[in-house]
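Because only heavy atoms are used, hydrogens play no part in the values below, and waters and symmetry mates are left out as well, while side chains stay in. In each ligand, atom 1 is the first atom listed, and ligand 1 is the first ligand listed.
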Amino acid sequence: MEAKSPRGTSDILPGPARVWQRIEKTVAQVMASFDYHEVRTPVFEHTELFTRGVGSTTDIVEKQMYTFDDRGGRSVTLRPEGTAPVVRAYIQHRLHGQGLPQKFWYIQPMFRYERPQAGRGRQFHQFGAESLGSLDPVCDVEMISIPVEVYRRLGITGFRVLLNSIGCPKCRPGYRSQLRDFLQSRIDSLCPTCQSRLERNPLRVLDCKSESCRRATDGAPASVDHLCDECDAHFAQVRRLLDTVHLPYTVDNRLVRGLDYYTKTVFEVVTSALGAQDALAAGGRYDGLAEELGGPPTPAVGFGAGMERAYLVLEKLGLTESDRDDVDVFLISLGADARLKAVEVAWSLRSAGVKTTFDYTDDPRGERSLRGQMKAAGKSGAKLALIIGEDELARGRVIIKAMASGEQRDVDLEAVVPQVLHELGGGGDGAR
Ligand code: HAM
């Protein structure tokens, strides 16, 4: 049977990988502009980190985690999201002693057992950031601005920022019971899932996609109308700051998020380009999480953004074609001795950072027709072809042919590296 990758995983082949590299580079540059610092955490963690951190009644913990016992009988889980691991690392390494806020970013694979579809995988990647240790609303606005700036630099347009505040342990219980009463009076119109979660998590009913739940929740009490003074002032300042940095947003009373750790600000960046999987990025404040995980009280805020979804939008917008990675030099040789010389020259060019390749052949001595090699050189997109025949070899020369113009010259073999660097205009990859 032909080997296949597991359902919900995907290979990133060389063409798309170049686009991924562009996204990754842009993320790193934007993070640097905002003075965030990269962290890398393990692919698996103790299962308890997520059951406690993300919340035992969330979809992630209830149905989506890749959890298994390792050979020592410890339950471990492949990271389904990036926030709890970063907070764990912050606590474990006592980073709160080093000046606050501590500002981190990451690009990492995540694992969730979901029903795969376009933009939704079982292994997917997020770029994200977490700012730990400050209640400053400027931190909230940084988290919304960073993905937006990444999309702007990549040329992604047509997204919207949705914003809400879901309060804190002081004001949310009062809101939750009002909402529950409201929903209780319409329980017959709710879908079975929402009927069952009404008691445990009535807020999630607000973002149910089923038509009947949407109708039933029209006119439901809004969390922003039930905030305590502190949460209300925080939300007002977040909005004022978003206006100050000219970042348009819509307050969406239905936005509640599917992870339990959120307090105050929640947000999503959504696009209509992706169909059902419309969230490009999402996040919010989680002022109680560090304490929940055994650390000191630590106000914090962050976001996570789907890399695959950013890629899909770039593809939709026709912005994935431009990432070419053509070779600089294609070496052509005639005869076994010239082939050896060509290999020697190629290694010198590669050492100098020039992207160099050949026409590979199954002939152990490297014999191949000139026509075949010229054809391969043309196909490769190389800027220069270097030709070494028996005659050139005898004279210690090499022919350099500019592929675009067809112009060619004959240079001393000893001088070939500087000459190639010169013709490529300032050097190969390493020198440019
Ligand atoms: P999340 O909403 O679960 O939040 O995921 C954030 C983003 O990851 C989504 O908006 C989407 O772009 C992408 N994503 C999620 N699941 C998948 C999937 N199965 N396939 C492809 N892409 C997916 C979090 O994970 C939080 N940790 C975000 C956060 C950071 N909040 C505070 N700090």
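- Note on R285 versus D140: salt bridge recorded, some NZ/NE/NH1/NH2 to OD/OE distance being below 4.0 Å.
- Contacts classified as salt bridge (charged side-chain N to carboxylate O under 4.0 Å, His left out) and involving residues 299-316 (residues at least two apart or in different chains) are not found.
- Ring-plane geometry between F127 and Y151 is classed as perpendicular, the angle between the planes exceeding 60 degrees on a 0 to 90 degree scale with a lower cut at 30.
- The immediate protein surroundings of ligand 1, defined as residues with any heavy atom under 4.0 Å of it, consist of E81, T83, R112, E114, G119, R120, G121, F124, Q126, E130, R257, L259, Y261, Y262, A279, L280, A281, A282, G283, G284, Y286, G302, F303, G304, G306, R309.
- Remark: D326 CG is packed, more than 12 non-hydrogen atoms of other residues, nucleotides or ligands lying under 6.0 Å away.
- Screening residues 70-79 for salt bridge (charged side-chain N to carboxylate O under 4.0 Å, His left out), with sequence neighbours left out, gives D70-R74.
- Applying the ring pair (Phe, Tyr, Trp, His ring centres under 6.0 Å) test to Y90 and every residue at least two apart in sequence or in another chain returns H96.
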